[in-house]
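Heads up: the structure comes next, in structure tokens.
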Amino acid sequence: AVKLTNYLSKFLKGVHLHVLGEVSDMITESLNGICTDKITLHGKVDPDRLVDYYSSADIMLSMSMFDPCPNVVVEGLACGLPVITPEESGASELVENPLWIVKEDMPLKYYELQTIEAIPEVNLEKYKDVILEVFQNLGDNKRIARNRAVNHLDINLISEKYINFFQSLEK
């Protein structure tokens with residue numbers, strides 16, 4: 001995400017990455033020698049303030065392949081953030097908007113990602129193209145994100161679907 005932000009700065013004036021949550025020692029080490037002028041590491045934030053952070057952003061990046069049901073994505077969509085994510089992630093099922101899904105073409109297999117050298121390179125060009133397209137109609141994309149959350153991911157709708165599913169098993 002840091003490398004992507006630096007790359008995007010050539011195409012988007014004022015681009016800035018805000019990272020919420022604790023940053024591991026491995027990530028801190030991986031930032032050595034990389035420009036971090038366009039990044040703010042907020043660390044752990046009070047959950048009651050998340051809506052403030054989300055609402056001040058334009059888009060959300062969810063670049064992990066290994067988060068099968070990322071609640072943060074639902075939170076971002078609920079705050080009207082288009083969520084850019086790889087096709088291979090669990091987030092892509094929540095996002096469901098093909099415009100926001102990056103086709104990384106990474107095989108779904110076991111990866112040992114506990115070292116800096118093992119972290120796969122991100123295709124900056126593919127992410128840049130998706131992000132620039134989202135920014136062309138940012139207002140519409142924000143409305144689509146909010147509608148996705150309200151009409152398909154609301155906890156009351158989801159719980160009703162689970163109840164119906166379990167009731168159908170009893171028959």
Worksheet item: So, do His152 and Leu94 sit near enough that their side-chain heavy atoms are less than 4.5 Å apart?
Response: no

Worksheet item: Can you name the residues that form a ring-ring contact (aromatic ring centres under 6.0 Å, His included) with His16, not counting sequence neighbours?
Response: His18

Worksheet item: Honestly curious: do Leu169 and Ile163 fall in one hydrophobic cluster under the side-chain, below-4.5 Å linking rule?
Response: no

Worksheet item: So, are Asp129 and Lys126 salt-bridged, with charged N and O less than 4.0 Å apart?
Response: no

Fill in: Backbone of Pro82 reached by a side-chain donor or acceptor of Arg148 within 3.5 Å
no

Worksheet item: Hey, quick one: are Val74 and Leu157 part of the same hydrophobic cluster, counting side-chain heavy atoms closer than 4.5 Å, chains of contacts allowed?
Response: no

Worksheet item: Taking atom NZ of Lys3 as the centre, does the number of heavy atoms from other residues, nucleotides or ligands within less than 6.0 Å exceed 12?
Response: no

Discussion item. Could you check whether any side-chain N or O of Glu104 sits under 3.5 Å from a backbone N or O of Pro86, counting only pairs where one atom can act as donor and the other as acceptor?
Written reply: no

Worksheet item: Given side chains that start at C-beta, do those of Lys38 and Leu8 come closer than 4.5 Å, heavy atoms only?
Response: no

Worksheet entry | Shortest non-hydrogen separation from Leu20 to His42 and the atoms involved | CD2-CD2, 3.6 Å

Fill in: Heavy-atom side-chain contact between Phe135 and Ile59 under 4.5 Å
yes

Fill in: Asp25 atom CG, over 12 foreign heavy atoms within 6.0 Å
no

Worksheet entry | Residue pair Ile131 / Leu12, side-chain heavy-atom distance below 4.5 Å | yes

Worksheet, complete the sentence: Across all chains, not counting sequence neighbours, the side-chain hydrogen bond (donor to acceptor under 3.5 Å, both in side chains) partners of Asp52 are none

Worksheet entry | Qualifying residue for side-chain contact (heavy atoms from CB on, under 4.5 Å) with Val2, from Ile27, Ile34, Val19 | Ile34

Worksheet item: Would you say Thr5's side chain and Ala1's backbone share a donor-acceptor pair under 3.5 angstrom?
Response: yes

Item to complete: Kindly indicate, with the supporting measurements, whether the criterion side-chain contact (heavy atoms from CB on, under 4.5 Å) is fulfilled by Val72 and Tyr54.
Response: CA-CA 10 Å; Val72 68; Tyr54 294 155; 3.0 Å; yes

Worksheet entry | same_hphob_cluster(Leu124, Ile84) at 4.5 Å side-chain heavy-atom cutoff | yes

Response to the item:
Note: Val130 and Leu99 closest approach over all heavy atoms is CG1-O, 3.2 Å

Practice prompt. Establish, yes or no, whether the cationic atom of Lys128 lies under 6.0 Å from the six-membered ring centre of Tyr7 and within 45° of the ring axis.
Written response: no

Practice prompt. Output the distance between atom NZ (Lys142) and atom OG (Ser55), rounded to the nearest 0.5 Å.
Written response: 8.0 Å

Worksheet entry | Flag, side chain of Asn97 to backbone of Ile144, donor-acceptor distance under 3.5 Å | no

Practice prompt. Please examine the side chains of Thr85 and Val73, heavy atoms only from C-beta on, and report whether any two atoms are closer than 4.5 Å.
Written response: no

Worksheet item: With side chains defined as the heavy atoms from C-beta onward, is the minimum distance between Met60 and Glu75 less than 4.5 Å?
Response: no

Worksheet item: When hydrophobic residues are tied together by side-chain contacts of less than 4.5 Å, even through go-betweens, does Leu132 share a cluster with Met63?
Response: yes

